[in-house]
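In the text below, chain A, chain B and the rest are named by the order of the sequence lines, each starting its count at 1. Please read these numbers as outputs of a predicted model, since none were measured by experiment.
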2 protein chains.
Amino acid sequence: MANIQQIAQEAGVSVATVSRVLNNATSVTQKTRLKVKRAINELNYEPSMLGRNLRKSESRLILVLLPSISNPFYNEIINGIQNSSIANNYNILLCETDSKPERENIYFNMVKNKLADGVISMDPTVNMQKLNELAKNHPVILCSEYEEGGTIPYVTIDSELAAYQAVKHLIRLGNEKIALISSDEKFLYARLRRAGYERALKEFQLPIRDEWIYHTKELEFQNGVQAMRMLLQLEEKPTAVFAVSDTLAIGALKALKAESELPNPIAVVGFDNISFSNMTYPTLTTISQPMYKMGYLAVDMLMNSMKDEKVESIVLDHELIIRDSTMW
Amino acid sequence: MANIQQIAQEAGVSVATVSRVLNNATSVTQKTRLKVKRAINELNYEPSMLGRNLRKSESRLILVLLPSISNPFYNEIINGIQNSSIANNYNILLCETDSKPERENIYFNMVKNKLADGVISMDPTVNMQKLNELAKNHPVILCSEYEEGGTIPYVTIDSELAAYQAVKHLIRLGNEKIALISSDEKFLYARLRRAGYERALKEFQLPIRDEWIYHTKELEFQNGVQAMRMLLQLEEKPTAVFAVSDTLAIGALKALKAESELPNPIAVVGFDNISFSNMTYPTLTTISQPMYKMGYLAVDMLMNSMKDEKVESIVLDHELIIRDSTMW
DNA sequence: CTGAAAGCGCTAACAA
DNA sequence: TTGTTAGCGCTTTCAG
């Protein structure tokens with residue numbers, strides 16, 4: 001691989017001039033520019049980012065932190081992040097932490113090491129203390145999951161309100177016994193969605209019963225299956241279920257189908273509107289988050305943060321998508 | 001952010017000694033080592049990868065090329081790649097090309113620019129000519145999709161055999177009119193799976209009818225829905241369907257459910273065993289690929305390739321997973 | 001065992 | 001307009 005020296009030599013100019021051509025500086029005559037370009041082509045030269053980055057101490061790479069790409073919820077967000085990044089001449093480094101602190105550390109170090117210029121975290125399991133520490137010296141934006149009262153700017157939706165509306169929809173359909181399938185309440189979104197669930201029930205003076213609230217360890221389909229099975233074993237079964245994620249809701253639907261002799265169908269509402277949610281039987285009623293937009297805006301915010309501008313957090317609108325799982 | 005200079009100064013040693021401590025060189029006395037460590041802690045120092053990488057001219061980053069992370073097929077493979085990379089002290093750069101050549105170019109340049117040390121491509125839409133060009137000077141491994149008769153090492157499964165077995169299973173169940181839902185035949189896997197489909201039909205002297213072979217533009221659920229709808233409109237309808245991917249098969253199942261008055265159920269077999277394939281109704285019979293292993297091995301192969309060792313291509317075993325969609 | 005110094009590939013300030 | 005040169009942060013050779 002040729003370097004800038006060799007190009008300079010080949011073209012009979014200095015390295016500075018080559019650099020100027022590379023960076024489209026105006027102060028180069030057409031003639032020298034051509035000489036240099038010819039040399040570049042001849043030697044099949046590609047400038048080394050390594051050298052450039054070291055010199056400018058920037059990498060034009062954005063680190064995107066997420067727990068696992070197997071959760072389809074992140075797909076569209078990443079799409080938005082990707083497109084917005086490219087528009088800003090950045091690339092993204094997708095980093096799965098798998099909720100493992102060691103991995104998180106590796107990625108945080110990459111930022112400290114200047115291998116990435118900023119971070120967008122979508123990881124609810126992230127170590128907030130360390131992230132706050134990092135945010136002191138590096139641009140960081142939270143996407144979807146955030147810290148209440150924290151200092152890091154975020155883009156998200158109003159989970160409490162969305163959950164409230166989802167449950168209210170179930171109530172309007174005549175359900176009085178409504179269960180909640182939630183994940184670990186160490187996550188803010190789980191606490192908020194539970195709060196929305198409870199607010200709706202209280203407003204209609206419906207019972208909030210502990211046995212109708214099930215907490216799963218993870219967000220896999222299987223966790224939803226298991227949760228629904230438990231709910232179906234109760235003496236007094238719920239007539240409807242609100243799950244805090246589509247993956248859980250889809251698992252719940254599966255468990256319901258397996259149960260052949262139910263007197264009345266149990267209504268199910270999910271959260272996220274992942275692409276599968278339209279492929280289940282019955283199709284899933286769910287809350288749709290503006291995922292693409294969320295990702296896109298997160299990058300915008302990060303760019304502003306890099307310019308040391310003041311960045312305001314953003315709360316986006318959601319939408320209730322009514323499908324068959326609440327009307328079968 | 002402190003640099004190595006400042007640590008040297010603080011510890012009262014030379015930068016060389018600091019570097020030695022950083023790299024666990026043996027030739028440093030306990031006493032100096034401690035002095036240096038103390039300075040490192042005091043100043044909260046993190047060595048810059050940028051400097052190190054430039055010096056060693058390596059980035060310890062692997063570029064992973066895939067068309068889109070929204071296809072769940074890649075999830076487990078990536079998991080394998082990730083774990084294997086970390087075990088080898090590398091990190092991965094997940095790059096979605098979205099089948100766009102511009103993006104591909106950006107990523108190829110990162111490799112040429114020494115921002116990544118090697119490439120694992122899982123992208124069937126990749127520009128093979130450019131990839132071959134890149135492979136002359138950089139380590140490249142193909143994962144899943146590969147080039148017949150090409151020079152780049154690959155890890156994959158025997159798609160033709162798997163398809164043959166899938167279709168044979170349908171034949172054994174008594175089906176004689178078997179349709180194929182495939183994607184674009186510019187992709188090798190589509191050609192191979194079609195070949196397996198035809199081999200099985202021929203072996204049992206069953207008709208291969210063009211109208212029973214449907215090619216979709218993409219691999220989204222919706223493409224499967226549409227394909228199945230077309231097949232259901234035929235005068236002579238197939239009694240079974242083999243789809244070259246689970247996403248297509250799941251869409252097909254959806255279209256079947258929508259069709260209420262079918263005299264006999266139509267059997268469906270998919271390909272990939274994505275996690276959702278167990279959540280559909282009916283659950284999907286499919287070919288399971290050893291995805292995790294495939295990803296893991298791809299990294300091993302890349303590591304060997306980096307050491308300039310000769311790397312042999314690998315063909316892994318698959319498995320037919322029989323579920324409800326072939327016995328309802 | 002430790003230090004001085006060269007150099008990885010590039011950019012940018014300064015000089016010409 | 002172009003060239004010279006310092007230096008980004010680190011590793012490594014060679015001397016001591």
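Place A:R52 and B:T17 on DNA chain C by their nearest nucleotides, and B:T17 ends up nearer the 5' end.
Salt-bridge annotation for A:D184 and A:K217: absent, with no side-chain N of the basic residue lying under 4.0 Å from a carboxylate O of the acidic one.
At the heavy-atom level, B:V18 lies nowhere under 4.0 Å from the strands shown. Contacts of B:N53 with the nucleic acid, taken as non-hydrogen atoms under 4.0 Å apart, are absent. Here B:S19 lies in heavy-atom contact (under 4.0 Å) with a base. Note on B:L54: a base of the nucleic acid sits closer than 4.0 angstrom, heavy atoms only. Among the protein residues, A:T29 comes within range of the sugar-phosphate backbone only, with heavy atoms under 4.0 Å from sugar or phosphate atoms but none that close to a base.
Between B:R20 atom CZ and D:dT11 atom C1' the separation is 10 Å, expressed in whole Å. Atom pair B:E58:CD and D:dG9:P shows a separation of 20 Å (rounding to whole Å applied). In this structure, the CG atom of B:L50 is 21 Å from the P atom of C:dG7, given to the nearest Å. C:dG7 atom C1' lies 15 Å from atom CD of A:Q6, rounded to whole Å. Per the geometry, CD belonging to B:Q9 stands 15 Å off C1' belonging to C:dG3, to the nearest Å. Separating the CD1 atom of B:I4 from the P atom of D:dG7 is a distance of 17 Å, rounded to the nearest angstrom.
Of the listed nucleotides (C:dC10, D:dT11, C:dT2), D:dT11 has the atom at the smallest distance from the side chain of B:R55. Considering only side-chain atoms of B:A16, the nucleotide from D:dC10, D:dT12, C:dC1 that sits closest is D:dT12.
A:Y189 and A:S183 get closest at one heavy-atom pair: OH-OG, 2.8 Å. Counting all heavy atoms, side chain and backbone alike, A:M291 lies closest to A:D272 at CE-O, 3.2 Å. Closest approach of B:M301 and B:S313 over heavy atoms only: CE-CA, 4.1 Å.
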